[in-house]
Chemist: 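Below is one structure. I have some questions about it.
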Amino acid sequence: MEPDPGMRLDELARRAGVASTTIRLYQSKDLLPGPRLVGRTGYYDDAHLARLRLIARLQDDGFSLAGIGRLLDSWQRGLDLAQLVPDPDGGTVFGGPAPVELDPEALAALFPAGAVTPEVMQRAVALGLVELTAGGRLRTADRRFLDTGADLAALGVPAEVILEEWERLVAVTDGVAERFVDLFEAHLLPADWRGLDAEQAVEVLERLRRMRRLATQVVAAAVDASLDRAAARRLSELSPPSRP
């Protein structure tokens, strides 16, 4: 009996539940190795099918194709989990808001007139909120930094005070993040994580992604509750005593 040559493109697509054009797209982006050629016919094997299922799983969990490509390439080059988490373009392989670049004039226009002084800009750069690009533009890792700062300034909070509060807040959130990472390391990270194969490594990264999402949710809920308590207490202190 002759050995099974493997699957042709249409059979691989059917078994993976994707279109043939999707497989070609993945190959063009180096997410999927090419087929084994026998004459002019390409044949795929179970490794191709497993890779397609892994890509689908990562996409379902929110990974972009670019992030998947970096993850798979990094793992094939022998990098460990710690090197897989950061994204060379900023952020992480988990996605999230893309960095934003603005001209200095456009950034200043988001704030009340005169709020963005040279001293304020220098402080924002020192805190890592914005950075100067080679082309003279300003880059921020997350648009939410700009939107929140602009809203606070519109309410009347001075820009320098906003930056001071940001610096204090980061000191608190860094501590919170360390606690969640400690939980992940103690309960979700396998002891042999340095020896995991690609699929097992992806499982660990998915756990970290879910931990990240849950941490964001619970911290937001905790801040909401704390703000309610603090506001009620402070307003009670400021209220005049009730008349007899």
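Throughout, residue positions are numbered sequentially from 1 according to the sequence presented.
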Chemist: CG/Leu110 to CG/Asp147 distance, rounded to the nearest 0.5 angstrom?
Modeler: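 Between Leu110 CG and Asp147 CG, I get 7.5 Å after rounding to 0.5 Å.
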Chemist: My understanding is that only one of Leu138, Leu102, Leu129 makes a side-chain contact (heavy atoms from CB on, under 4.5 Å) with Leu146; could you say which?
Modeler: Leu102
Chemist: Can you tell me how far apart CZ (Arg53) and CD1 (Ile55) are? Round to the nearest 0.5 Å.
Modeler: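 CD1 of Ile55 is found 12.5 Å from CZ of Arg53.
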Chemist: For the residue pair Leu9 and Pro35, establish whether any side-chain heavy-atom pair is separated by less than 4.5 Å.
Modeler: no
Chemist: Do Val157 and Leu127 belong together in a cluster built from hydrophobic side chains that touch within less than 4.5 Å?
Modeler: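 Different clusters.
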Chemist: With side chains defined as the heavy atoms from C-beta onward, is the minimum distance between Gln122 and Thr117 less than 4.5 Å?
Modeler: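 They are not in side-chain contact.
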Chemist: Return the minimal non-hydrogen interatomic distance between Leu32 and Arg51, and the atom names on each side.
Modeler: CD1-CG, 3.6 Å
Chemist: Using the test salt bridge (charged side-chain N to carboxylate O under 4.0 Å, His left out), find all partners of Asp103 that sit at least two apart in sequence or belong to another chain.
Modeler: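 With sequence neighbours excluded, Asp103 shows a salt bridge (charged side-chain N to carboxylate O under 4.0 Å, His left out) to Arg137, given in chain and number order.
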Chemist: Considering all heavy atoms of both residues, which atom of Ile68 and which atom of Gln59 are nearest to each other, and what is their separation?
Modeler: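 It is CD1-CG, 3.7 Å.
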Chemist: What pairs meet the side-chain hydrogen bond (donor to acceptor under 3.5 Å, both in side chains) rule with one or both residues in residues 148-159, with sequence neighbours excluded?
Modeler: none
Chemist: In Å and rounded to the nearest 0.5 Å, what is the CG to CD1 distance from Leu12 to Ile23?
Modeler: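 Rounded to the nearest 0.5 Å, the CG-CD1 separation comes out at 4.0 Å.
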Chemist: For the atom pair CG (Leu54) and CD (Glu203), what is the distance rounded to the nearest 0.5 Å?
Modeler: 9.5 Å
Chemist: Which residue pairs pass the ring pair (Phe, Tyr, Trp, His ring centres under 6.0 Å) test when at least one of the two sits in residues 158-187, sequence neighbours left out?
Modeler: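 Qualifying pairs: Phe145-Trp166.
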Chemist: A side-chain contact here means heavy atoms from C-beta on lying under 4.5 Å apart; do Pro190 and Arg207 qualify?
Modeler: yes
Chemist: Glu167: what forms a side chain to side chain donor-acceptor pair (under 3.5 Å) with it, not counting sequence neighbours?
Modeler: Arg123
Chemist: Between Asp10 and Arg8, does any NZ, NE, NH1 or NH2 come within less than 4.0 Å of an OD or OE carboxylate oxygen?
Modeler: no
Chemist: Would you say Leu49 and Leu31 are hydrophobically clustered, going by side-chain heavy atoms of ILVMFWY under 4.5 Å?
Modeler: yes
Chemist: Say whether, by atom type as modelled, one donor and one acceptor occur between the side chain of Thr140 and the main chain of Arg143 under 3.5 angstrom.
Modeler: no
Chemist: Does the side chain of Met121 come within less than 4.5 Å of Val130's, by heavy atoms?
Modeler: yes
Chemist: Return each pair, listed once, that meets salt bridge (charged side-chain N to carboxylate O under 4.0 Å, His left out) where at least one residue sits in residues 168-193; pairs must be two or more places apart or across chains.
Modeler: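 Matches after skipping sequence neighbours: Glu165-Arg168.
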Chemist: What pair of heavy atoms forms the shortest contact from Gln27 to Pro33, and how long is it?
Modeler: NE2-O, 3.6 Å
Chemist: Under a 3.5 Å threshold, yes or no: a donor from one side chain and an acceptor from the other, between Arg229 and Ser226?
Modeler: yes
Chemist: What closest approach, in Å, do Ile162 and Gly149 show between heavy atoms, and which atom pair accounts for it?
Modeler: CD1-O, 3.5 Å
Chemist: If two hydrophobic side chains count as joined below 4.5 Å and joins carry through other members, does Val181 share a cluster with Met211?
Modeler: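 In one cluster: no.
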Chemist: Is Val204 reachable from Leu183 through a run of I, L, V, M, F, W or Y residues, each pair having side-chain heavy atoms under 4.5 Å apart?
Modeler: yes
Chemist: Atom CG of Leu132 and atom CD of Glu101: how far apart are they, to the nearest 0.5 Å?
Modeler: 11.0 Å
Chemist: Cluster question for you: counting only ILVMFWY and a side-chain heavy-atom cut-off of under 4.5 Å, with indirect links fine, are Val219 and Leu214 together?
Modeler: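 Unlinked, Val219 and Leu214 end up in two clusters.
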Chemist: Sort and list the pairs that fulfil ring pair (Phe, Tyr, Trp, His ring centres under 6.0 Å) and have at least one residue in residues 25-44, not counting sequence neighbours.
Modeler: Tyr44-His48
Chemist: Taking all non-hydrogen atoms of both residues, which atom of Ala115 and which atom of Ala159 are closest, and how far apart?
Modeler: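 Minimum heavy-atom separation between Ala115 and Ala159: O-CB, 3.6 Å.
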Chemist: Please tell me if the side chains of Leu25 and Leu65 come closer than 4.5 Å, counting only heavy atoms from C-beta onward.
Modeler: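 In short, these two side chains touch, coming nearer than 4.5 Å.
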